[in-house]
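Structure first, then comments.
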There are 2 protein chains.
Amino acid sequence: MHTLKRTRTRDQVRALIRQTIIGGELAAGTRLDEIGLAAKLGSSRTPVREALIALEEEGLVRSRPNHGFLVAPLDEQLVRELYPILAALEAAAVELGGEALRAQVPTLKDINARLASETGRAKRYQLDRGFHRALTAPCANAQLLRLLEQHWNHARRVDGGQARGMANHEGSCAEHAQIIAVIEGGDLTRAAELLRKHWRDGQKVVLRWMETGK
Amino acid sequence: MHTLKRTRTRDQVRALIRQTIIGGELAAGTRLDEIGLAAKLGSSRTPVREALIALEEEGLVRSRPNHGFLVAPLDEQLVRELYPILAALEAAAVELGGEALRAQVPTLKDINARLASETGRAKRYQLDRGFHRALTAPCANAQLLRLLEQHWNHARRVDGGQARGMANHEGSCAEHAQIIAVIEGGDLTRAAELLRKHWRDGQKVVLRWMETGK
DNA sequence: AATTTGCATATTGTATACAATATGCACACT
DNA sequence: AGTGTGCATATTGTATACAATATGCAAATT
């Protein structure tokens with residue numbers, strides 16, 4: 001019996017490119033040259049191409065026939081479309097959380113406390129994502145959680161760890177605290193409502209930042 | 001200037017396999033042999049393989065390293081996970097529809113009337129899908145609509161045009177009518193709520209059908 | 001000078017070749 | 001007979017080859 005699962009280079013390449021795009025090292029619109037990537041990664045074109053096809057479905061990459069791949073653009077339309085989706089999915093996850101979500105309250109409080117006192121950009125982002133993971137994990141809907149991870153990635157690209165984490169830090173933490181309190185009280189419907197508002201606020205911050213630069 | 005966009009065989013292969021799976025011609029769990037498919041479709045393995053990779057992201061196909069692809073299984077867990085996602089996404093689309101959704105009321109009434117008097121299985125399915133398309137199109141969120149199309153496809157696989165279309169036809173149409181009335185009245189929040197219930201009911205019908213066979 | 005045309009180059013799309021792994025059956029063994 | 005082993009075959013994973021298309025620059029034309 002082999003518990004050691006073999007790993008496809010296509011999957012490794014995919015994870016690598018994904019992280020590079022999400023991390024912002026590859027700017028939106030950058031051309032993704034198969035030959036160049038293959039050379040840089042020490043593989044042939046095939047796994048690179050396959051990874052790019054998967055990443056396109058994930059929304060991080062786009063392609064035009066005979067023109068190849070490029071990093072998916074980040075424009076206002078994406079922001080307008082993305083946040084309502086996140087709001088809907090995460091609100092649903094919270095409502096499905098049930099009693100298991102109430103059990104998360106201590107964890108949520110802990111994460112939010114650390115987030116409130118954190119000043120580093122990257123750390124804040126990690127804690128914020130941890131908060132939302134803790135909020136949604138109890139729903140036990142693997143498909144939903146997968147969609148959420150994907151869309152959190154898009155959100156991360158959009159605000160680059162800047163807007164939500166820095167521009168409205170206290171406000172965001174306050175909203176988190178409010179959500180926690182409502183969950184503790186057992187009103188998941190209300191918690192979902194507040195969460196939708198949380199994402200609407202996040203969208204506002206990002207849009208303002210995109211338009212005015214601050 | 002060329003308005004004629006070239007078509008990749010990978011995209012054609014993908015669309016073909018997708019339809020075959022959704023239509024139920026390829027049963028869940030069926031092995032998808034690259035060489036066999038390529039031969040049947042008159043291409044080489046490469047476009048087939050690329051199509052399968054994309055379809056895996058779409059959720060219609062699964063793969064295990066060194067074991068190849070198979071049609072994604074249909075089990076109770078999928079049903080339990082899928083319907084809440086559909087409910088959340090579609091409810092969000094309705095709430096985002098705004099005034100444009102009210103303008104759809106005549107169309108919705110027309111579709112629902114035809115659906116109510118239709119007896120054919122396939123026709124019913126098409127009309128039902130048209131109803132939900134008309135309900136969500138006004139939201140003008142391309143990403144959201146894309147997700148909805150994908151998940152409607154999964155739902156189609158799950159009930160095979162059987163459960164929702166046949167087992168609870170009058171009930172379903174009545175719920176549609178109720179939703180239309182509430183939209184006409186302008187209360188989109190309530191409409192979204194009813195729609196979530198509509199999908200919960202749909203889930204119940206499918207689960208009962210899966211367990212008891214009727 | 002600006003624009004267009006044509007060619008050389010580069011890149012994508014598909015097919016095939018090769019390597020690594022899995023599958024299945026025949027045979028040996030208990 | 002049942003179980004396990006080993007080899008032949010088949011299939012996946014990756015690399016490369018070839019064909020079709022796009023790109024970019026230089027020269028010619030207005």
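Naming: A, B, ... by sequence-line order, numbering from 1 per chain. All values derive from a computational prediction rather than experimental measurement.
Close to D/dG13, at under 4.0 Å from its OP1 or OP2, lies no side-chain N or O of B/H67. In this model, the phosphate group of D/dT12 is approached by a side-chain N or O of B/R31 to a distance below 4.0 Å at OP1 or OP2.
One finds the CG atom of B/L74 at 9.5 Å from the NE2 atom of B/H154 (value rounded to the nearest 0.5 Å).
Using modelled atom types and a 3.5 Å distance limit, the side chains of A/R129 and A/Y125 yield a donor-acceptor pair. No donor-acceptor contact under 3.5 angstrom links the side chains of B/R146 and B/N141, judged on distance only. Neither side chain, A/T9 nor A/R14, offers a donor N or O lying under 3.5 Å from an acceptor on the other.
When ring centroids are compared, A/W199 and A/H151 stay outside the 6.0 Å threshold.
A straight line from CG of A/D33 to P of C/dT11 spans 5 Å, rounded to a whole angstrom. As a whole-Å value, the separation of B/I35 CD1 from C/dA15 P is 14 Å. Distance A/F69 CZ to D/dA22 C1': 16 Å, rounded to the nearest Å. Computed from coordinates, the A/Q12 CD to D/dT14 C1' distance equals 13 Å when rounded to whole Å. Between A/L37 atom CG and C/dT11 atom P there is a gap of 12 Å when expressed in whole angstrom units. Taking atom CZ of B/R64 as the reference point, atom P of D/dT11 lies 16 Å away to the nearest angstrom. Atom CZ of B/R8 and atom P of D/dT21 are 14 Å apart (whole Å). Atom CG in A/L32 sits about 9 Å away from atom P in C/dT12, given to the nearest Å.
Annotation: proximity of residues 42-53 of chain A to DNA chain D (heavy atom, distance under 4.0 Å) is found for A/S43, A/S44, A/R45, A/T46, A/P47, numbered in ascending order.
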- Steps toward side chain to side chain donor-acceptor pair (under 3.5 Å) verdict (B/E90, B/T136): CA-CA 7 Å; B/E90 209 167 306; B/T136 50; 6.0 Å; no
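The side chain of B/R10 approaches C/dT14 more closely than any other nucleotide in the set D/dT12, C/dT11, C/dT14.
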Name every donor-acceptor pair, under 3.5 Å, that has one atom in a side chain of residues 91-98 of chain B and the other anywhere in the protein, sequence neighbours excluded.
none

